[in-house]
**Q** 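Let me begin by handing over the structure; questions about it come next.
All ligand and atom numbering here is 1-based and tracks the order in the structure.
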Amino acid sequence: MSASDPARFDLFIAGREVPSSSGERTTLTDPANGAAIASVAVGGRDEARAAMEAAETAFRESPWAADDGALRAKLLRKLADRLDASIEAFARLETLNMGKTLREARGDVAYVVRTLEYASGLADKIEGTTIPVAGPRFDYTVREPLGVTVHIAPWNYPLLLAVRSVAPALAAGNSVVLKPASLTPLTALAFARLAQEVGIPPGILNVVVGPGRAVGEALVEDPRCRSVSFTGSAEVGERIGAIAGRRHIPHVLELGGKSPVIVLPDADLDRAAKGIGFGIFGNAGQMCWAGSRAIVHESVRDELLGKLRAIAEKTRLGPGLADGTEMGPLVSAEQADRVLGFVESARSDGGTVVAGGGRPTDPALAPGHFVRPTVLAQVPSSSRAVREEIFGPVLSVFGFEEIDDAVRIANDTRYGLFAAIWTRELGTAHTLARRLEAGMVNVNESPNTFPQTPFGGVKDSGVGAEQGRESVLAYTRTKNVMIHLGAARKRGGGP
Ligand code: NDP
């Protein structure tokens with residue numbers, strides 16, 4: 001079956017496509033119109049166990065972990081190249097399953113290609129150190145793979161966020177069990193097939209679809225699980241962190257956000273408006289690092305608000321696969337209802353809807369989970385629309401007079417994933433970047449990241465970081481080896 005044929009998908013364990021032992025399957029639907037798109041096997045605890053077993057066996061018996069890195073570098077590069085040649089098929093599958101525009105999905109898959117290339121480049125550069133110590137001793141460290149690593153991914157960037165942690169774990173010589181979100185497993189399953197085709201040994205990459213509570217927790221609780229990378233909600237992240245803490249295994253948690261975007265009076269307002277629009281309406285706002293709170297100097301607030309309203313109103317909604325669509329539907333009916341619930345609570349708390357605020361009126365879009373790009377103003381800071389992550393195309397705009405007020409408003413959140421600053425003043429940008437409680441700060445751009453730059457948050461946004469050189473090292477453990485070289489010779493002694 002090719003990636004462009006989404007009709008039937010099974011789990012991927014030990015290099016084979018297998019149904020679940022219970023025979024359970026689910027039918028996935030296109031978020032743009034509700035049409036059935038795929039039948040997918042739904043695994044349970046038995047499949048979680050089987051995948052862990054396969055991964056553990058492959059880790060011990062295949063050449064993957066024992067390799068000096070050259071084989072892993074070669075195969076990851078080959079995988080990158082094969083995916084590069086299949087961008088269109090993978091992008092269509094992602095759009096069909098998740099709803100994002102084809103343009104966005106193409107960008108996601110290209111990012112995955114680049115992530116694999118980057119990981120491939122590091123696979124044969126995982127080095128230890130030598131450490132000077134007293135006496136006739138030689139001390140060195142080696143970086144060893146951890147074993148079986150578990151990866152739990154969300155539905156908003158299904159393939160991108162899965163491979164973001166899977167690629168460095170593979171580069172470091174681990175074997176992997178991936179659990180994609182139940183709503184969006186298709187590209188992960190197609191990716192596993194591709195990995196098999198390029199020669200990644202069976203059992204090194206396994207994909208189990210199934211309910212998070214049962215399958216996800218079974219994977220992390222399994223004694224063979226040596227690390228977990230979780231991307232998703234803060235609530236589930238807390239559970240995963242508790243299990244990982246109890247089991248003494250390393251964990252990376254990439255959780256939610258309520259990211260501030262500060263606009264100073266000297267900013268290029270056209271660029272800022274465009275960047276803010278991209279940062280909250282892109283991917284229909286379903287982004288952990290969405291710039292959902294614009295904090296704008298009073299002197300330019302009305303002008304910027306006008307520009308943001310214009311962007312929101314001219315954004316063309318439609319099915320992700322249709323030409324000219326600028327924003328697709330939300331992933332599910334539940335997600336659309338949830339987002340509109342936040343808009344209602346902002347309204348009833350005294351907020352003003354400057355743009356959007358509901359579903360589109362076009363009857364052709366009625367069967368899809370569409371929400372119009374929404375701009376809110378005057379929402380009290382106590383409103384749940386300001387305090388909680390909305391995870392949809394909803395921006396709240398606030399004003400400030402003094403820079404200290406901007407910093408206070410920006411940091412007044414449980415989250416600390418990302419922040420953006422718009423200013424031409426370099427000194428102000430650096431000073432503000434230091435004062436903002438966020439794992440990532442963009443200046444005059446929002447948001448942007450690369451596979452080589454760390455991605456992670458502080459506060460309730462998570463622990464650790466994905467991407468960058470350190471992400472590969474995070475999937476290794478350091479072993480120290482000290483050798484006593486025998487009794488010290490007398491000074492001046494010959495060989
Ligand atoms: P969830 O936390 O509900 O789910 C994420 C993943 O965890 C899914 O695969 C889900 O499986 C699984 N899961 C659910 N419950 C458990 C459990 N008890 N044990 C183990 N795994 C479980 O988040 P969403 O999928 O709803 O994603 C949206 C959230 O993710 C937002 O809050 C967003 O901010 C955050 N996010 C953070 C990112 C970051 O990089 N910081 C990036 C993207 C999203 P199932 O689908 O079967 O429920």
Side-chain angles (χ1 to χ4, degrees), residues 11 24 26 28 40-45 47-48 97-98 100 108 111 150-166 177-186 188 207-222 225 228-244 251-259 280 282-292 330-332 334-335 338-339 342 388-392 413-418 438-440 447 449 453-467 471:
L11 314 175
E24 189 181 342
T26 185
L28 299 177
V40 183
V42 179
R45 290 176 192 280
E47 284 69 32
N97 191 179
M98 190 272 165
K100 65 178 67 197
D108 288 5
Y111 195 94
V150 167
H151 306 255
I152 301 177
W155 46 257
N156 57 338
Y157 290 86
L159 186 64
L160 190 158
L161 293 180
V163 178
R164 183 176 71 172
S165 69
V166 163
V177 178
L178 165 65
K179 196 208 92 61
S182 296
L183 282 173
T184 56
L186 300 186
V207 182
V208 186
V209 182
R213 195 65 179 259
V215 171
E217 289 196 16
L219 293 173
V220 186
E221 290 278 11
D222 191 293
C225 166
V228 56
S229 168
F230 171 81
T231 305
S233 61
E235 292 65 32
V236 176
E238 226 170 83
R239 293 178 67 87
I240 302 285
I243 300 172
H251 50 286
V252 176
L253 304 177
E254 295 278 9
L255 310 176
K258 194 75 190 175
S259 300
I280 187 67
N283 213 39
Q286 300 161 114
M287 295 180 279
C288 51
W289 62 346
S292 50
L330 271 64
V331 72
S332 64
E334 294 71 30
Q335 188 64 12
R338 191 173 163 270
V339 168
F342 276 110
E388 293 178 33
E389 182 179 45
I390 296 179
F391 223 57
T413 166
R414 63 186 282 221
Y415 294 111
L417 187 58
F418 170 78
M440 297 170 282
T449 186
T453 60
F455 193 112
V458 297
K459 294 158 78 176
D460 282 356
S461 289
V463 173
E466 302 288 2
Q467 300 190 155
S471 71

**Q** With a 4.5 Å heavy-atom cut-off, do Thr449 and Pro454 have their side chains touching?
**A**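 No, too far: nothing below the 4.5 Å cut-off.
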
**Q** My understanding is that only residues two or more places apart in sequence, or in another chain, count here; which of them pass ring-ring contact (aromatic ring centres under 6.0 Å, His included) with Tyr157?
**A**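 ring-ring contact (aromatic ring centres under 6.0 Å, His included) check on Tyr157 returns nothing, list empty.
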
**Q** Is Asp460 reaching over with its side chain to a backbone N or O of Gly256, donor-acceptor style, under 3.5 angstrom?
**A**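 No; judged by distance alone, with no hydrogens or angles, the pair does not exist.
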
**Q** For Ile152 versus Val220, what's the shortest heavy-atom pair and its separation?
**A**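 In terms of heavy atoms, the two residues are closest at CD1-CG2, 3.9 Å.
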
**Q** So, using ring-ring contact (aromatic ring centres under 6.0 Å, His included) as the criterion, who are the partners of Phe455 when residues are at least two apart?
**A**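 With sequence neighbours excluded, Phe455 shows a ring-ring contact (aromatic ring centres under 6.0 Å, His included) to Trp289, given in chain and number order.
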
**Q** Could you pull out all residues at least two apart from Thr231 that satisfy side chain to side chain contact (heavy atoms under 4.5 Å, CB included)?
**A**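 Pro154, Leu161, Arg164, Glu254.
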
**Q** Hey, which residues fall under 4.0 Å of ligand 1 on heavy atoms?
**A**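 Only Ile152, Ala153, Pro154, Trp155, Asn156, Leu161, Arg164, Lys179, Pro180, Ala181, Ser182, Gly210, Pro211, Gly212, Arg213, Gly216, Glu217, Phe230, Thr231, Gly232, Ser233, Val236, Arg239, Ile240, Glu254, Leu255, Gly256, Cys288, Glu389, Phe391, Leu417, Phe455 have heavy atoms that fall under 4.0 Å of ligand 1, ordered by chain and number.
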
